[in-house]
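Every chain is numbered from 1 and lettered A, B, ... according to where its sequence line falls, protein lines coming before strand lines.
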Amino acid sequence: MQKKPQNEILEKIVSLAKRRGFVFQSSEIYGGLNGCWDYGPLGVELLKNIKEEWWKAMTFREDVEGLDASILMHPRVWEASGHVDSFTDPMIDCKSCKARFRLDVLGELINEKKKHKAVEELKLKFTDNPGWKDKFETVIQNAEKINGAVDEFSAAIEDSELNAILLSEVNCPQCGNKNTFTPARQFNLMFKTFIGPVEDSGAVVYLRPETAQGIFVNFLNVQSSARQKLPFGIAQIGKAFRNEINTKNFLFRTREFEQMEMQYFVNPVKDKEWYDYWKSERLNWFISLGMTKNKLRYHDHPVNKLAHYAKEATDIEYHFPFGWGEIEGIHNRTNFDLSRHEEFSGKSLKYFDEELKEKYIPYIIETSAGASRSFMAFLIDAYYEEEVNNEMRSVLKFHPKLAPIKAAILPLVNKDGMPEIARSIEKELRKRFKVFYDDKGAIGRRYRRMDEAGTPFSITVDTQTLSDQTVTIRERDSMNQIRISIDKISAYLNDIIFSD
RNA sequence: GCGGGAAUAGCUCAGCUGGUAGAGCGCAACCUUGCCAAGGUUGAUGUCGCGGGUUCGAGUCCCGUUUCCCGCUCCA
């Protein structure tokens with residue numbers, strides 16, 4: 001992969017996104033906010049259409065119910081889910097070789113002698129800093145309580161004050177240099193905030209790092225109120241927040257993003273069957289909306305790399321200009337989540353299976369798509385530069401269902417009553433479609449403007465319209481035109497856009 | 001978080017060794033029009049990313065900072 005073309009493509013997309021009103025940088029007039037983006041007039045339509053198609057595909061069926069859970073949830077939810085523990089690993093970097101280490105595993109990379117020596121160095125400093133001695137003893141006691149074994153180094157290195165001395169005494173496991181570590185930094189990937197005006201620890205809540213937990217905790221509410229039997233699913237679209245260490249690649253890694261998740265509850269013995277079903281179903285969804293087939297692939301997670309909750313996992317990846325990137329994950333989450341919520345809430349989340357006459361905690365097959373990532377993939381995938389009559393044409397070949405604007409209405413020239421007819425067509429079409437009226441400049445220029453916005457149809461009122469009430473409809477990708485009578489436009493568009 | 005590059009009009013970019021900002025495209029108005037961005041006339045727009053410093057004078061030199069891109073790292 002060469003660097004330059006990649007840059008060019010992504011930068012072209014970013015520039016087009018801004019120029020045409022798909023995506024703007026957040027708080028741009030203040031210099032921007034790292035990794036945050038706003039959706040402009042065309043962007044919000046595209047995003048909304050993606051979500052709408054997803055919603056139809058996932059919930060317009062008997063066995064899936066919708067849900068919109070609150071972003072703020074009880075803090076215990078995130079203890080049960082494992083996010084509180086696993087989102088808070090302190091990290092350090094070696095300034096010399098740029099290696100990064102999790103503080104809690106650094107001890108494993110250093111030999112015992114060195115660790116012992118570092119601890120002794122620390123103890124020597126106690127005379128100057130009496131407070132450290134108390135701290136040290138407390139840390140050791142806590143470590144003893146938790147796992148019995150006392151590795152003084154590993155216990156002390158978790159303390160934000162004591163570890164500074166330890167880190168200055170040990171060499172980097174990778175490059176061997178001494179005194180090259182940055183101070184330990186806490187990477188808490190959950191955004192923390194407070195309920196109510198008092199900012200004390202009892203009031204801490206988190207912005208959800210995934211929408212899934214809102215589904216899990218509502219499992220029985222939805223199941224009983226909708227009178228569902230297993231297998232069935234719960235679908236939800238919503239924002240999630242992760243305080244990522246660094247953002248990257250335009251919309252790909254951002255701190256605020258939107259998920260389209262569906263959690264499917266199944267009998268544990270049927271998990272494989274349903275996992276395979278959703279795996280294929282979800283890939284086909286992207287293809288059905290026009291995404292290039294050979295730019296999509298599965299990336300199956302090897303068993304040893306699976307997340308703590310997963311039994312089987314695959315990513316649907318899109319080939320972005322910067323490489324393959326995940327746009328959706330399909331996971332077999334087993335009964336991990338519901339079991340944990342049972343444990344932490346003390347409420348039973350078991351399901352009574354009428355057929356089998358037994359009670360069990362369902363397994364969950366998760367399909368978790370990134371709305372923002374899908375947006376970016378659909379946008380990039382639709383972008384083409386073509387040569388037409390020795391001129392460059394840039395065009396967004398969105399599937400008509402996703403196109404922000406469905407049709408443009410254009411009077412060929414601004415006279416002879418053409419604008420009036422065009423306006424009346426516009427008024428009629430607006431009842432059903434997002435349309436756009438444009439009478440500025442030459443007709444060719446207007447077509448090209450619509451190409452760049454991804455509008456699939458351009459309806460032109462011309463001289464012939466005046467005598468026989470027909471218009472031309474120009475199709476974006478082929479640039480072919482057909483002639484159709486005015487009263488048939490609406491049905492024609494509807495058939496093409498919403499047919500399967 | 002580290003390293004590298006970049007930031008000048010809506011977009012793409014020019015602006016030399018410091019001397020009070022330019023082009024093309026786009027945009028707006030009017031005229032013209034007869035189906036694929038190239039007709040005419042007129043017009044608007046920038047505290048040159050932000051903050052300091054050096055200087056008589058900074059888009060230009062120095063320091064800091066923010067944002068974007070690339071590479072590491074991270075991605076529970």
Query raised in the report: Taking 4.0 angstrom as the limit, do A:R333 and A:E261 come out as a salt bridge?
Result: no
**Report entry** Nearest to side-chain heavy atoms of A:R483, which nucleotide of B:C35, B:C68, B:A76
**Finding:** B:C35
Query raised in the report: Checking only heavy atoms, does the side chain of A:R393 share a donor-acceptor pair with the base of B:C36 at less than 3.5 Å?
Result: no
Query - Separation of A:E312 CD from A:H331 NE2 (nearest 0.5 Å) - result: 11.0 Å
Could you list the protein-to-nucleotides 24-27 of chain B atom pairs, N/O on both sides, closer than 3.5 Å?
from	atom 1	to	atom 2	distance (Å)
B:G26	OP1	A:R445	NH1	2.5
B:C27	OP1	A:R449	NH1	2.3

Query raised in the report: In terms of side-chain heavy atoms of A:I443, which of B:C35, B:C69, B:A38 is nearest?
Result: B:C35
Query - Out of B:G71, B:C68, B:U33, whichever nucleotide has its closest atom nearest the side chain of A:K415 - result: B:U33
**Report entry** Nucleotide nearest A:N249 when distance is taken to its side chain, options B:C70, B:A76, B:A37
**Finding:** B:C70
Requested in this report: Please state how far atom CZ in A:R333 lies from atom C1' in B:A76, giving the value in whole angstrom units.
Outcome: 11 Å
Anything under 3.5 Å between a protein N or O and an N or O of nucleotides 62-66 of chain B, put it in a table, one pair a line.
from	atom 1	to	atom 2	distance (Å)
B:U66	O2'	A:G31	O	3.3

Report task. Tell which nucleotide pairs with B:C2, taking only Watson-Crick or G-U wobble pairs whose two distances are both under 3.5 angstrom. Result -> B:G71
Requested in this report: Quick one: look up who B:A23 pairs with, Watson-Crick or G-U, both distances under 3.5 Å, and put none if it's unpaired.
Outcome: B:U12
Query raised in the report: Does a side-chain N or O from A:K18 land closer than 4.0 Å to OP1 or OP2 of B:G10, or not?
Result: no
Requested in this report: Let me know the distance between NE2 of A:H83 and C1' of B:C75, rounded to the nearest Å.
Outcome: 12 Å
Query raised in the report: Of the candidate nucleotides B:C35, B:U12, B:C74, which contains the atom at the shortest distance from the side chain of A:S15?
Result: B:U12
Query raised in the report: Of the candidate nucleotides B:C36, B:G71, B:A37, which contains the atom at the shortest distance from the side chain of A:S394?
Result: B:A37
**Report entry** Residue A:R242, side-chain atoms from C-beta onward, closest of B:A76, B:C36, B:C75
**Finding:** B:A76
Query - Counterpart base for B:C61, defined by Watson-Crick or G-U wobble contacts under 3.5 Å - result: B:G53
Requested in this report: Decide, yes or no, whether a salt bridge links A:K48 with A:E45 under the criterion of side-chain N to carboxylate O below 4.0 Å.
Outcome: yes
Query raised in the report: Rounded to the nearest 0.5 Å, how far does CD1 of A:I195 lie from NE2 of A:H74?
Result: 10.0 Å
**Report entry** Pair A:E386 + A:K397: basic N to acidic O under 4.0 Å
**Finding:** yes
Report task. Could you work out which one of B:U33, B:C36, B:A76 sits closest to the side chain of A:V413? Result -> B:U33
